[in-house]
Amino acid sequence: MSKDKQKKKIYKPKPISGFPEWLPEYRVVEQQWMDKIRAVFESYGYCSIETPSVEELEVIAAKGEDVDKEIYVLERLQADSNDKKDARLALHFDQTVPFARYVGQHFNELTFPFKRYQMQRVWRGERPQLGRAREFYQCDIDVINVDSLPIHFDAEVAAICYEAMDAMDIGRVQLRISNRKILMGLLAHIEIEDSVGVTRIIDKIEKIGSEEVARILKDDLNIPSDQIQEVLTLVQTKDIPSIKALNDEMQEGIDELSFVLNNLKHLPDHAIVADLSIVRGLDYYTGTVYETRLLDIPEFTSSVCSGGRYDDLASNYINKKLPGVGISIGFTRLFEVLHHYNHIKAGKKSPADILMVLPSEKQRALASDTARTLRNRGFKVEMYHAPQKIGKQFSYAEKKNIQYVWIPPFEEGNAHEVKNLDSKTQTEADPNDWTIS
RNA sequence: GCGGCUGUAGCUCAGCUGGUAGAGCUCUCGGUUGUGGUCCGAGUGGUCGCGGGUUCAAACCCCGUCAGUCGCCCCA
């Protein structure tokens, strides 16, 4: 062994911005949350599917040029010069598009209405910020049907997502619900052409205020003042039944939204609110739209759970009309934001219930047998890795948040003992009938 | 992709108007014989983001570059 001073070249590890990872004590919480979401989704009979991380670029890019710049494409480091260009693969940037493709592809094998959930990572090449990553988990739940889909599903998916978030102990959340037909109906009635442009500005009303919205609509889009007033008045109305429909589209939107709200009456008061300023950009949404706020973290104003209804998302892939409605829980966003504001209590660093002390090499077989007995009885038991000083073994248990330290007899004929590190009590114990008290 | 701010130990940071690096926490070991969190002691750990320039001398000044971060666009 030479004592050379020359150091090994170390590549200094650093986090990759936008690609979050967690220490064990937070990862365990992340998994618990996912389990809870899954349990709630399944309690309503939604099944799980998983699609590949990649889709053909053509499938993904179908959504429009605006998202193009956010798409990561997959490429081998040394691509052959004769690789086909038209079969490029790209990482999916949401789960709705892959879902639509999936339904189109497996149409004949699925039972409709098809209700599924999907909890996977998605990738977007954006500038990362708090609550905005480049690789993140979404928990999508959608229902899709042939020809038409009953409106009560619009209420059901909202109720499911509320229940799922409520199960995670993340404080109060509020779903804000709107129906695009109401605003679009008005815009059509007053003959505003650029509905996409208008809705995009309206979407910012809470962030920049109604005066600023009015100014932009006037200065940038040349909308007449009286029309702006009409739009702003509508968008700030909280009392849906009081709205006067100016055409069929508006009436339809009002009816649908009222129905959805009525079907969510069983939820707590703060949980659901109508908000006509929610329009969700220029998406494929055609009716109900949702956003969700964390009421206990007012500093964070972005939505943590959004979605809506779409008329025929899969029409690109199959010659059928397949309307659907769905919501996506922004899992990583939720987790990151709550972690940032210290709303997440760290979990245990180890899943083990018990640390089995290894008194000496001679007692390894005994310790190992005892551990096996306890495992067979359902306990999670970690064997200490070396016959080191007992103090060291205790401090290891302490550091890993393992509550019980099991001490096998140091000498034959003596009793086993267990110490509870929380209560500091130590008692004799039999591995065949000991229980956590 | 565009604009503001920031890059010193694993983490949080100090380092005065340029004189070749420090603290706290973490981590490792020790404070004797079979018992953890506290306390005490010691130790490991830094091409001062990277490259160039000015200077006798640069963590500090200048230029460039990269990265991070906040805001915008957009969105979960």
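By convention in this document, chain letters (A, B, ...) are assigned in the order of the sequence lines, proteins followed by strands, and residues within each chain are numbered from 1. It should be emphasised that the depicted structure is a prediction, and the values quoted were computed from it without experimental measurement.
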_OP1 or OP2 of B/G71 versus the side-chain N and O atoms of A/Gln129: is any pair under 4.0 Å?_
yes

*Is A/Phe410 stacked on the base of B/G34, meaning ring centres closer than 5.5 Å and planes within 30 degrees of each other?*
yes

_Would A/Tyr396 count as stacking on B/G36 if stacking means ring centres less than 5.5 angstrom apart and planes tilted under 30 degrees?_
no

_B/G68 versus B/U12 - spacing of their P atoms, nearest Å_ = 15 Å

*Return the 5'-most residue of the pair A/Arg134, A/Val304 with respect to RNA chain B, ranking by each residue's nearest nucleotide.*
A/Arg134

*Starting at atom CD1 of A/Ile278, determine the distance to atom C1' of B/A76, rounded to an integer number of angstrom.*
14 Å

*Tell me what A/Gln426 touches on the nucleic acid: a base, only sugar-phosphate, or nothing, going by heavy atoms under 4.0 Å.*
base

_Side-chain donor/acceptor of A/Asp296 to backbone N/O of A/Gly171, under 3.5 Å_ = no

*Does the side chain of A/Lys392 get closer than 4.0 angstrom to OP1 or OP2 of B/G37 through an N or O atom?*
no

*Roughly, in whole Å, what's the span from CG in A/Asp203 to P in B/C73?*
11 Å

*Out of A/Thr286, A/Asp142, A/Thr96, which one pairs with A/Tyr310 under the side chain to side chain donor-acceptor pair (under 3.5 Å) rule?*
A/Asp142

*C1'-based separation of B/U54 from B/C61 [nearest Å]*: 8 Å

_A/His92 side-chain N/O to A/Arg121 backbone N/O, donor-acceptor pair under 3.5 Å_ = yes

_Distance alone, cut at 3.5 Å: any donor-acceptor contact between the side chains of A/Asn420 and A/Gln403?_
yes

*Rounded to whole angstrom units, what separation is found between the CZ atom of A/Phe300 and the P atom of B/A76?*
12 Å

*Given the P atoms of B/C74 and B/G64, what is the spacing between them in whole Å?*
31 Å

*B/G71: pairing nucleotide in any strand, Watson-Crick or G-U under 3.5 angstrom*: B/C2

*Give none if B/A42 has no partner; otherwise give the nucleotide forming a Watson-Crick or G-U wobble pair with it, both distances under 3.5 Å.*
B/U28

*A/Ile390 side chain, from C-beta outward: closest of B/C27, B/C75, B/U35*: B/U35

_Atom C1', compared across B/G71 and B/G49: separation rounded to whole Å_ = 24 Å

*Pick from A/Tyr341, A/Phe136, A/Trp22: which one makes a ring-ring contact (aromatic ring centres under 6.0 Å, His included) with A/Phe335?*
A/Trp22

*Distance-only side-chain donor-acceptor flag, A/Ser306 / A/Ser303, under 3.5 Å*: yes

*asked:* What contact category does A/Gly131 fall into here, base, sugar-phosphate, or nothing, at under 4.0 angstrom with non-hydrogen atoms?
replied: base

*Rounded distance in Å between the P positions of B/C5 and B/U38*: 42 Å

_In this structure, how many angstroms lie between the P atom of B/U35 and the OH atom of A/Tyr384, rounded?_
14 Å

_Below 4.0 Å: OP1/OP2 of B/G37 and any side-chain N or O of A/Lys400_ = no

*If you check the A/Ser303 side chain, which of B/A76, B/C74, B/G34 turns out closest?*
B/A76

*Quick one: which of B/A76, B/G68, B/C27 gets closest to the side chain of A/Arg333?*
B/A76

*Just name whichever nucleotide pairs with B/G34, Watson-Crick or G-U, keeping both distances under 3.5 Å, else none.*
none

*asked:* Whether A/Lys389 contacts B/U32 is assessed here as follows: a side-chain N or O lying under 4.0 Å from the phosphate OP1 or OP2. Is that the case?
replied: no

*Rounded to whole angstroms, how far apart are CD1 on A/Ile71 and C1' on B/C75?*
14 Å

*asked:* Using the C1' atom as the point on both nucleotides, what is the distance between B/G36 and B/G19, in whole Å?
replied: 49 Å

*Does the ring of A/Phe99 carry A/Arg116 above it, NZ/CZ under 6.0 angstrom from centre and within 45° of its axis?*
yes

*Please state whether the phosphate of B/C74, meaning OP1 or OP2, lies under 4.0 angstrom from any side-chain nitrogen or oxygen of A/Arg200.*
yes

*Any idea which of B/G34, B/U28, B/C74 is nearest the A/Arg132 side chain?*
B/C74

*Atom-pair distance (CD on A/Gln388; C1' on B/U33), nearest Å*: 17 Å

*Classify the nucleic acid contact of A/Cys139 as base, sugar-phosphate or nothing, counting any heavy atom under 4.0 Å across all strands shown.*
nothing

*Where the side chain of A/Glu417 is defined as all heavy atoms beyond and including C-beta, which of B/C27, B/C75, B/U35 is the nearest nucleotide?*
B/U35

_Check: A/Thr332 side chain, A/Tyr137 main-chain N or O, donor-acceptor pair, under 3.5 Å_ = yes

*Side-chain N,O (A/Lys424) to OP1/OP2 (B/G37) below 4.0 Å*: no

*How do A/Lys207 and A/Glu291 order along RNA chain B: which one's closest nucleotide is nearer the 5' end?*
A/Lys207

*How far does the C1' atom of B/G18 sit from the matching atom of B/U55, given to the nearest Å?*
9 Å

_Pairwise P distance for B/G22 and B/G43, with rounding to whole Å_ = 14 Å

*B/C11 P sits how many Å from A/Leu23 CG, rounded?*
12 Å

*Nearest of B/U69, B/C27, B/U35 to any side-chain atom of A/Ile407?*
B/U35

*Report yes if a side-chain nitrogen or oxygen of A/Ser306 is closer than 4.0 Å to either non-bridging phosphate oxygen (OP1 or OP2) of B/C75; otherwise report no.*
no

*Report the base-pairing partner of B/U47 (Watson-Crick or G-U wobble, both distances below 3.5 angstrom), or none.*
none

*asked:* What's the closest nucleotide to the side chain of A/Arg127 if the choices are B/C74, B/G36, B/C2?
replied: B/C2

*Whole-Å distance between B/C75 C1' and A/Tyr72 OH?*
14 Å

*Hey, are the side chains of A/Val143 and A/Phe114 touching, using non-hydrogen atoms and a 4.5 Å cut-off?*
no

_Taking pairing as Watson-Crick or G-U wobble with both contacts under 3.5 Å, can you name the mate of B/U20, or confirm there isn't one?_
none

